[in-house]
4 protein chains.
Amino acid sequence: MPPDPSRRSERSRQAILTAAVDLLREVGYRKLTIEAIAARAGVGKQTIYRWWPSKGAVVLDGFLAAVNEDPDDLSLPDTGDVAADLRGVVRAIVAELADPDLSGVSRALMIEMQEDVELADTARDRILAPQMRAIADRLRAAQDAGQLRADLDLAVAVELLVGPLYHRWLLRTAPLTEAYADTVTDLALRALGPQPART
Amino acid sequence: MPPDPSRRSERSRQAILTAAVDLLREVGYRKLTIEAIAARAGVGKQTIYRWWPSKGAVVLDGFLAAVNEDPDDLSLPDTGDVAADLRGVVRAIVAELADPDLSGVSRALMIEMQEDVELADTARDRILAPQMRAIADRLRAAQDAGQLRADLDLAVAVELLVGPLYHRWLLRTAPLTEAYADTVTDLALRALGPQPART
Amino acid sequence: MPPDPSRRSERSRQAILTAAVDLLREVGYRKLTIEAIAARAGVGKQTIYRWWPSKGAVVLDGFLAAVNEDPDDLSLPDTGDVAADLRGVVRAIVAELADPDLSGVSRALMIEMQEDVELADTARDRILAPQMRAIADRLRAAQDAGQLRADLDLAVAVELLVGPLYHRWLLRTAPLTEAYADTVTDLALRALGPQPART
Amino acid sequence: MPPDPSRRSERSRQAILTAAVDLLREVGYRKLTIEAIAARAGVGKQTIYRWWPSKGAVVLDGFLAAVNEDPDDLSLPDTGDVAADLRGVVRAIVAELADPDLSGVSRALMIEMQEDVELADTARDRILAPQMRAIADRLRAAQDAGQLRADLDLAVAVELLVGPLYHRWLLRTAPLTEAYADTVTDLALRALGPQPART
DNA sequence: AAATAACCGAGACGGTACGTCCGGTCTTGAA
DNA sequence: TTCAAGACCGGACGTACCGTCTCGGTTATTT
């Protein structure tokens with residue numbers, strides 16, 4: 001029978017997530033072991049297996065605890081200047097991916113998403129989808145204001161913006177810099193902008 | 001002392017790569033073990049460890065053997081119609097990523113690239129860079145013909161094109177279809193195209 | 001940190017010792033492997049390594065379990081007739097060494113004692129010393145009864161008796177028979193007996 | 001087909017035996033490997049396997065080369081005093097067994113004799129039998145001179161003498177000293193001496 | 001307040017794979 | 001043909017973790 005969540009030790013939960021994230025930074029995802037997490041957290045192995053189905057699930061929860069974002073606070077500022085607003089998010093994403101503290105956890109999640117489809121779904125819904133929806137919302141506002149083409153598929157538009165960033169980060173084709181962020185933003189905006197008036 | 005490559009058994013090398021790719025398809029990357037590869041290939045484990053530093057390296061070589069592309073044959077057709085030509089490559093990439101036979105190996109490589117920077121370098125140089133250079137070459141031709149903006153950073157241009165594809169494939173944000181390929185191509189081309197004549 | 005003996009699985013311990021002794025008989029000491037013992041016993045290898053430092057130590061315990069003698073029951077009968085009593089033990093020792101079931105284990109122990117001094121100490125204290133002490137005790141009684149010389153070094157006396165037996169058994173100089181046992185006993189007794197009255 | 005001994009490299013043979021004995025002293029028999037012998041001797045592994053059937057056989061030859069005794073020179077001195085002459089051999093045997101240089105090789109041989117009956121036969125015939133025959137010869141002379149009982153089984157008599165020595169050496173029941181040698185000799189002689197005249 | 005049930009820490013257990021070492025065979029090129 | 005060198009297949013080594021299980025010892029209700 002499933003364990004009773006009301007009797008769960010919050011203390012242990014915190015210790016496990018902290019230990020997991022710390023160890024992840026220290027040794028990398030591949031060498032991260034449940035055994036080590038339990039030892040570092042001062043916790044029995046069973047306590048981990050009782051509440052999480054896999055190493056990836058622990059790391060996912062660890063990531064969520066680490067960023068600890070309110071999904072409602074995710075909405076982008078709307079200064080009326082789409083270009084400036086997008087430039088801001090894109091730069092923020094690049095900063096997050098380049099941050100050596102966070103990127104280890106993100107990469108770990110990426111790895112696990114390749115093999116564990118169930119976890120991939122959760123990660124997508126809890127982490128990626130909200131961020132992308134926030135960007136889509138800002139784009140829709142601009143679209144309504146006539147600053148962007150009316151016939152845009154916003155989902156694709158968002159990926160045109162962030163796809164190149166993840167491409168560099170994951171495939172390591174070149175360093176992920178702020179300059180790259182800006183170049184990508186500019187190019188993408190040109191694609192999304194209103195049809196040039198033909199005569 | 002390092003082994004002498006001139007005495008290497010080509011027979012064993014082939015058997016190992018074949019076994020690795022086959023097993024990868026059967027059980028996935030995480031459950032792929034050196035031991036199983038050796039057993040399937042009818043080879044001593046040491047023969048694998050002698051020639052490859054890691055499981056990822058074997059898979060990388062297996063990938064190269066499987067696609068077996070002549071890097072010189074990689075150049076894109078140039079029909080004079082950039083749009084059509086690009087649409088072709090993008091569709092081809094999508095097809096490759098969606099192919100259940102190949103995508104397992106590719107995902108495995110992706111995973112390993114996240115943890116093993118050295119392997120990531122090799123994979124980039126041997127697999128990704130040639131493909132991206134081929135696209136860049138085609139873009140340069142178009143640029144010379146005045147079909148694209150003159151001030152483009154071609155490396156970024158290529159990533160604007162393929163980034164969204166990999167984003168979907170890796171982050172599983174949505175199914176990777178041919179329609180998506182075309183939409184992305186159209187949007188990207190709009191970004192890359194020549195400055196609209198401002199009256 | 002050392003394992004907690006109170007949590008040790010008696011079931012596993014028995015299975016390991018039984019498997020070890022059985023396999024020893026089947027394949028000999030050199031081809032006896034920890035891996036095979038674990039497999040035969042239905043036990044993880046770690047469970048063996050957790051409780052025994054070496055293959056020899058397992059075999060030693062297996063030997064002890066197999067003979068399962070109460071060290072207090074080891075004392076020789078005292079019929080008053082030293083010659084007869086000694087003849088009995090010597091024959092018994094020869095029988096044990098010639099027994100194909102037991103001798104394999106004994107030889108294995110012998111082998112290990114040559115290379116592992118620590119194990120040699122244990123084997124001596126646990127197996128050989130009690131047997132030799134029992135013989136020494138019987139000799140002392142005879143000595144007190146004036147049947148043996150008063151100035152005997154009993155330790156040497158015992159080895160005069162059993163040394164030749166082990167010599168044949170280990171060096172394979174000739175078959176180890178009951179006749180040999182009796183001849184040795186007779187000769188040794190002549191050496192140990194009271195000084196012949198001179199005039 | 002068997003190799004042609006006339007084309008055998010004497011140089012390699014010497015190097016192998018020397019390397020084997022040296023390594024034996026350095027690391028002990030268990031950790032002595034063919035691979036290490038070949039490397040130390042600057043010889044291919046095949047050269048060892050071509051001429052010797054097993055590790056034990058190499059060590060046996062190494063032992064013979066090390067002691068390098070002429071089996072004809074083995075005969076004991078005959079001063080007319082059996083007691084003194086035997087005391088001499090027994091002390092010599094003890095000295096040899098206690099010699100840290102030689103005893104390692106001897107122990108290795110002992111080990112191998114326990115598992116390899118064929119090698120045991122060779123070792124017995126080449127090493128032990130000659131030594132024991134020499135002692136038996138001396139005993140026979142004494143017997144003929146009326147110094148020993150006429151009805152002795154000389155083979156047993158020899159083992160009564162040397163058995164206790166090997167017992168201590170192999171079973172490590174106590175240190176093997178010269179004093180022990182003398183005590184054993186005295187006791188054994190008493191057993192072997194002529195029947196006391198019963199009044 | 002006692003009894004009873006869960007979670008908890010600890011870690012032993014049966015397993016699987018690791019990466020290494022060596023056994024014994026086979027292949028290559030030099031002498 | 002022998003030899004030095006060493007790649008090869010195979011298999012055991014001793015270690016590290018996996019995920020499950022069993023053990024006392026706290027809690028935290030339920031009687």
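Throughout, protein chains are lettered first and strands after them, A, B, ... in sequence-line order, and every chain is numbered starting at 1.
Rounded to an integer number of Å, the gap from CZ of B:Arg30 to P of E:dA17 is 14 Å. Atom CZ of A:Arg13 is separated from atom P of E:dC8 by 12 Å (rounded to the nearest Å). Remark: C1' of F:dG14 and NZ of D:Lys31 are 13 Å apart, rounded to the nearest angstrom. The separation between B:Leu32 atom CG and E:dA17 atom C1' is 12 Å, rounded to whole Å. Rounded to whole angstrom, the span from the CZ atom of A:Arg11 across to the P atom of E:dC7 amounts to 18 Å. Taking atom CH2 of C:Trp51 as the reference point, atom P of E:dG14 lies 12 Å away to the nearest angstrom. Distance, C:Ile16 CD1 to E:dG15 C1': 14 Å, rounded to whole Å. Taking atom CD1 of residue D:Ile37 and atom P of nucleotide F:dG6, one finds them 18 Å apart after rounding to whole Å.
Of all heavy-atom pairs spanning D:Arg126 and D:Leu64, the tightest one is NH2-CD1, 3.0 Å. Here the closest heavy-atom approach between residue D:Leu17 and residue D:Ala65 is recorded as CD1-CB, 4.1 Å.
Phosphate proximity of F:dG19 to A:Trp52: absent, as no side-chain N or O sits under 4.0 Å from OP1 or OP2. Look at C:Thr47 and you won't find any side-chain N or O under 4.0 angstrom from OP1 or OP2 of E:dA12. When the side-chain nitrogen and oxygen atoms of B:Ser12 are compared with OP1 and OP2 of F:dA7, none of them lie within a distance under 4.0 Å.
Salt bridge annotation for A:Glu112-A:Arg107: absent, with no cationic side-chain nitrogen under 4.0 angstrom from a carboxylate oxygen. Using a cut-off of 4.0 Å between Lys/Arg side-chain N and Asp/Glu carboxylate O, A:Asp121 and A:Arg124 are scored as salt-bridged.
Comparing A:Thr33 and D:Asp4 by the nucleotide of DNA chain F whose heavy atom lies nearest to each, the residue mapping closer to the 5' end is D:Asp4.
Residue C:Ser6 is classed as having no contact, given no heavy-atom separation below 4.0 Å to the nucleic acid.
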Please produce a list of atom pairs where a protein N or O lies less than 3.5 Å from an N or O of nucleotides 24-29 of chain E.
from, atom 1, to, atom 2, distance (Å)
E:dG24, OP2, D:Tyr49, OH, 3.4
E:dG24, N7, D:Lys45, NZ, 3.1
E:dG24, O6, D:Lys45, NZ, 2.5
E:dC26, N4, D:Gln46, NE2, 2.3
E:dT27, O2, B:Arg7, NH2, 3.0

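Listed candidates were E:dC8, E:dC13, F:dC18. Nearest to the side chain of C:Arg50 is E:dC13.
Side-chain polar atoms of A:Tyr29 and B:Gln114 form no donor-acceptor pair below 3.5 angstrom.
Inter-residue side-chain proximity for A:Arg40 and A:Glu35 is flagged as unmet; no heavy-atom pair is nearer than 4.5 Å. Proximity of D:Ile127 to D:Leu60: side-chain heavy atoms (C-beta onward) are separated by under 4.5 Å at one or more points.
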